[in-house]
There are 2 protein chains.
Amino acid sequence: MTLTTWDIRPETIGINDWAPEIDSLLEDPDDNRVVFNVDEADTRPYDAIFLGGGAAGRFGSAYMRAMGGRQLIIEAWPFLGGSCPHNACVPHHLFSEVAAELMLARTFSGRFWFPDMDGRITSIKEIVDLFRAGRIAPHAIMNFQSKEQLDLEYVLNARGTIIDANTVEVAGRRFTANNLILGLGARSRPLDCPGADIHGVYTYETLVEDLDYEPGDTVVVIGGSKTAVEYGCFFQATGRRTIMVVRSELLPILPDAETRDYTITMMKEQGMEIWEHSVATHLEGDHNGKVKAITVKTPDGVRRIETDFVFHGLGEIPNSEMAVEKLGVKVGDEGQIIVNPQMQTSVPNVYAIGDLIGRPMEMFKARKSGMYASRHIMGEDVHYAFDEFPDFLHTHYEVSWFGMGEEEAREVYGDVTIIKMPPETEDGWEVALPATDRMMLYAFADPRKSGFQKLIIASASRKVVGAHHVGAGARDAFQYLFQMYKRGLTIDDLAVMDELFLNPTHFIQLSRLRAGAKNLQDL
Amino acid sequence: MTLTTWDIRPETIGINDWAPEIDSLLEDPDDNRVVFNVDEADTRPYDAIFLGGGAAGRFGSAYMRAMGGRQLIIEAWPFLGGSCPHNACVPHHLFSEVAAELMLARTFSGRFWFPDMDGRITSIKEIVDLFRAGRIAPHAIMNFQSKEQLDLEYVLNARGTIIDANTVEVAGRRFTANNLILGLGARSRPLDCPGADIHGVYTYETLVEDLDYEPGDTVVVIGGSKTAVEYGCFFQATGRRTIMVVRSELLPILPDAETRDYTITMMKEQGMEIWEHSVATHLEGDHNGKVKAITVKTPDGVRRIETDFVFHGLGEIPNSEMAVEKLGVKVGDEGQIIVNPQMQTSVPNVYAIGDLIGRPMEMFKARKSGMYASRHIMGEDVHYAFDEFPDFLHTHYEVSWFGMGEEEAREVYGDVTIIKMPPETEDGWEVALPATDRMMLYAFADPRKSGFQKLIIASASRKVVGAHHVGAGARDAFQYLFQMYKRGLTIDDLAVMDELFLNPTHFIQLSRLRAGAKNLQDL
């Protein structure tokens, strides 16, 4: 393979100009250009080389550059931004939007302008293809933004090799820096099951790269946490029988039992089949080497399901091997590189950031760990611990939460006050929760589907200790509400805020109905 | 008309039991029961009578009761909660959801599972009927909640008459209290135009009460602010030619010019016709007395439009007449009762709350003014000024904002930093803004429609001075972000928050890309 150099430093490349270039670099096996955006005239040493230009490396670089430092990103893909826009969080969000819209279309099948969805199976491949055709756009934005707006230096489309703690080789050149920041990401944990490699068995990564047929009418999803649920709900929403094979229990990540119950009940009422305490034991291929059946050991015995489409989401393995081999960095049980609160590894001048340092493998941690590594290198006294954070996932709904569930809160605080909708009445979930846009049609025609929310307050201190929401349009709020919670948000603080009614989170107004009392009561 | 008393005090009436009762009281002209939920055994005087049981009166009552006070609501409708769930904010939200979903369906007409929408006009009446059939449910919830959970006293389905500052007569009985709190709301400002009263000319109130035919293919909407735009976009989304007749300019309420431009441009690209500096001069009826045409004076001359459906949204007039007549309370230019920051009117022991005290006629102000009146009566030293607040409206999108627009910020602060998406590039609005759920399909197939957002920062102080968002899923966040802004939120604060990526507001991560610099730059 002949590498050629594409020196883009002197050029200004617009977003629209980037798109066909990235497409060619990704799709054309003969296009092996290495993208060089290096300021050869600058004689200053690099403060850091970021090995990996995903969210962690790109945001760390931007922060370092903004502080006046000099950085270089080395990235194997021909674009910056990493897996998120390429095969991870962005397609997940597109697929989850499709799941939500299909649930709406099925609920209102044949009414108003909605088509008759009865028995109709919609295409998975068309949606995957829509994503593939469009994913170049965010890549183009980030390459453009990183060079023209953020003034970053980078080398793309060539794999960097660690030489030592200050040196990385890429495309035959060696770059040195005062520090090395590793942001090499993670990859899907393989399925440990005979037949796991046959055609028709996908992860989130291979689904968008390789799906070359329309799946049949039965899907099996292996796994029980975020990714498995998110993709499973998308597949189910297309009208296919969808079975989730879960080793232990579904969605243990949801901390509040009642919120979890609503979430899973709604999945089941959409038609999801959930086989807990079950393990896939064998995948059978047909004469073309494509999956045709899966055998699952369940509490009720061994079951064999005919299917041509299996998806597994079993978590991530950090890509730490090269750093261990070349530098001897310390890693933990799951292969994650161990770092201190300054993102320093066990090796001097070597930092690690992003999914490479383990859980939570979330975007905010990737970006912030890059930022904090840069701040430390640039001389700031920083300390970053990602021990508590707001969280979310998608089913056919958006599910958002932070803090404790009711059960833990009762254990820790004894007396807690519960503010929730729908209310605790004989009608229960049948009561419409008019939690605004995208839940309004449900509220008026199928109230049970209109969502669930709960705020948990420690009665003595009057402080919020947990918040939970199933519906739409509340996730963004949880980012900011979480900050207020961390600063000691009380029911009295909430009671004087200005709600934008109808609001997805009813926390403000429901708090106001109760905050007048010295002894708080549930609502 | 014979009034009969329905004493519900001894009963427990569940949500499902309330619904048919309210329906009968509203719809059956022979059902004149007055709903009495009065604790006749309680010999304490009332701390306050709330005349009007809308949002202001109900929340004020709840707060007073929670503080240990005694209150009585007197309400002409047979339900608590007022106009919002009956004909105002709740139907508006349902209709705006329909507008958003129809824009999506039209954008993807014939693709994936979406039906062919080409040239298709969908029903307005079916959606109005859906609302009417369902609006009893929130009424039932509020009657239930107010009695069983909040322990309020109330008299419903009879109009109260002010006797003096301590006395209200209702259904032949006189109730006295230490204070009178007026929460009588507001009503639509009439259209000042010959023919304004003929059949087929609607306000938000009469639309849901009276619409008895399917409108034809042309709609004329008179007015240029929130309500007119919200209903206009709904009508347009159904596939009808929709003309907005605006006396001055459309949506002057939007403080940022670029955000306003995006908002209005998207309305126009959906097909809205906007006639600014135009006035309706004449409405013609047909031989059945139903509207058949409207004449409009425009800057380009007089135009006559044939239509059988006219809607106007021209603001609200406070229902202050009885209080002026019976008590002599002072009112302002628009008929609003003048109150001080304790919600006291010019008459001792008489308070006024909600829409009755004028702008902003928003839910948060209604509820909070009721709460603050109660706190003052119960002896707290309170001061409520509603001078700054977050705000929103719907087009086919959700539009949310607080603080200044860019133009005012430049005048006030001189050097400001603009953080926005899509970026300021040659591609402009064609760049996809992956601002998450309900914008993802647009981002991948029609990026121009994927939204717009802007954060304005005073460069010297690094403080946020304005935030603007067009899209979906950000409105709830603005409630909480506004609180942080009021406490001095900076770009550096934002940079260390935890985004729930993909998030509707990109403010956290975009701030992080710039916050490292002492001298901030736009993004």
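Residue numbers begin at 1 in each chain, while the letters A, B, ... track the order of the sequences.
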(message) Taking the six-membered ring of B:F501 as reference, does the cationic atom of A:R367 (NZ for Lys, CZ for Arg) lie under 6.0 Å from its centre and within 45° of its axis?
(response) yes

(message) Can you tell me which portion of A:T505 sits under 4.5 Å from chain B's heavy atoms? Options are side chain, backbone, both or neither.
(response) both

(message) Is A:R487 close to chain B through its backbone or its side chain, or both, or neither, when contacts mean heavy atoms under 4.5 Å?
(response) neither

(request) With a 4.5 angstrom heavy-atom cut-off, could you sort out which part of A:D116 is near chain B: side chain, backbone, both or neither? (result) neither

(request) Would you mind checking which part of A:L104 comes under 4.5 Å of any heavy atom in chain B, side chain (CB onward), backbone (N, CA, C, O), both or neither? (result) side chain

(request) Side chain from CB out, backbone as N, CA, C, O: work out which of these in A:R65 comes under 4.5 Å of a heavy atom of chain B, or both, or neither. (result) neither

(request) Please flag which part of A:F386 lies under 4.5 Å from any non-hydrogen atom of chain B: side chain, backbone, both or neither. (result) neither

(message) Counting only non-hydrogen atoms closer than 4.5 Å, does A:M117 touch chain B with its backbone (N, CA, C, O), its side chain (CB onward), both, or neither?
(response) side chain

(request) State yes or no: are the ring centers of A:Y384 and A:Y372 separated by less than 6.0 Å? (result) yes

(message) Does any backbone or side-chain atom of A:F482 lie under 4.5 Å from a heavy atom of chain B? Answer side chain, backbone, both or neither.
(response) side chain

(request) Indicate, with yes or no, if the rings of A:F364 and A:F389 have centres closer together than 6.0 Å. (result) yes

(request) Answer with side chain, backbone, both or neither: which region of A:E430 has an atom nearer than 4.5 Å to a non-hydrogen atom of chain B? (result) neither

(message) Between A:A495 and chain B, with a heavy-atom cut-off of 4.5 Å, which part of the residue counts as in contact: side chain, backbone, both or neither?
(response) both

(message) Tell me the closest heavy-atom pair linking B:S400 and B:A474, and the distance in Å.
(response) OG-C, 4.4 Å

(request) Can you tell which part of B:A55 gets under 4.5 Å to a heavy atom of chain A, answering side chain, backbone, both or neither? (result) neither

(request) Answer with side chain, backbone, both or neither: which region of A:E499 has an atom nearer than 4.5 Å to a non-hydrogen atom of chain B? (result) both

